[in-house]
Amino acid sequence: MPELTRRRALGAAAALAVGAGAQTLAAPAASANPNGPAASRRSMAGHHHGGPEAFDEVFQGRRIEGRPVTGGGHHHGAGYAVFVDGAELHVMSNADGSWISVVSHYSPVPTPRDAARAAVVELQGAPLVPFAAN
């Protein structure tokens, strides 16, 4: 039997940690909706393969806009840009169809419009400072 070396011990520990991490990540996703993952996907009705619809409205005295964009840039929002009073609100679409923003990062919502509204509520009248991507 080969001698247990530090390298083998660390390799085994890393493999166990990766396995435990994958199981931990999968467990919340499966239990996020008591009716199962399919119900979670159905609950995100605003997300469809054609992408979210454009919007332009005033919410709590702030102008919020959202529209599809083309080209490069730092968009993780699947080619979609959201603006609050003309300043870009960095949004990102999640794998389950929900959306988050830099302002309300830990509160996923069904649509980019809802992400913009949540940001306005969270900002409490403060101006949106542009997000400097890496």
Side-chain angles (χ1 to χ4, degrees):
M1 178 176 223
E3 183 178 325
L4 182 60
T5 63
R6 184 180 310 162
R7 180 178 294 212
R8 287 185 183 177
L10 289 174
L16 287 172
V18 168
Q23 187 176 18
T24 302
L25 290 175
S31 63
N33 189 315
N35 298 321
S40 291
R41 284 190 295 275
R42 282 192 304 270
S43 70
M44 300 298 171
H47 181 76
H48 48 81
H49 292 289
E53 295 181 16
F55 64 90
D56 186 352
E57 67 181 48
V58 175
F59 177 76
Q60 293 187 357
R62 311 285 293 268
R63 182 173 184 201
I64 59 174
E65 304 171 79
R67 60 183 174 264
V69 293
T70 57
H74 61 273
H75 295 280
H76 296 288
Y80 200 84
V82 175
F83 301 88
V84 175
D85 294 335
E88 184 172 5
L89 172 67
H90 187 77
V91 295
M92 184 175 83
S93 61
N94 294 319
D96 66 355
S98 64
W99 290 77
I100 57 174
S101 76
V102 295
V103 176
S104 57
H105 193 79
Y106 296 105
S107 300
V109 293
T111 66
R113 178 184 306 224
D114 292 328
R117 289 176 175 171
V120 166
V121 170
E122 188 70 27
L123 287 169
Q124 300 178 10
L128 178 63
V129 178
F131 178 69
N134 296 337

Heavy atoms only: give me the nearest Ala119-Ser101 pair and the separation to one decimal.
CB-OG, 4.4 Å
Give a yes or no on whether the backbone of Ser98 and the side-chain of Asp96 come within a donor-acceptor separation of less than 3.5 Å.
yes
Heavy atoms only: give me the nearest Pro112-Pro52 pair and the separation to one decimal.
CG-CG, 3.6 Å
Result for side-chain contact (heavy atoms from CB on, under 4.5 Å) between Val103 and one of Leu89, Val129, Val91 points to Leu89
If you round to the nearest 0.5 Å, how far is OG of Ser107 from CD of Glu122?
7.5 Å
Find out whether Val120 and Val84 are in side-chain contact, i.e. whether some heavy atom of one side chain is under 4.5 Å from a heavy atom of the other.
yes
Qualifying residue for side chain to side chain donor-acceptor pair (under 3.5 Å) with Glu57, from Arg62, Arg113, Arg63
Arg113
Nearest heavy atoms of Pro110 and Trp99, plus distance in Å
O-CD1, 3.5 Å
When rounded to the nearest 0.5 angstrom, what is the spacing between CG in Leu128 and CG in Asp85?
8.5 Å
If you compare all heavy atoms of Pro108 against all heavy atoms of Ile100, which two are closest, and at what distance to 0.1 Å?
CA-CG2, 3.7 Å
Let me see the working for Arg117 and Val109 under side-chain contact (heavy atoms from CB on, under 4.5 Å), right down to the final yes or no.
CA-CA 10 Å; Arg117 289 176 175 171; Val109 293; over 6 Å; no
Do Met92 and Val102 come within less than 4.5 Å of each other through their side chains, counting heavy atoms only?
no
Is there a chain of hydrophobic side chains (I, L, V, M, F, W, Y, each step under 4.5 Å between heavy atoms) that links Tyr80 to Phe83?
no
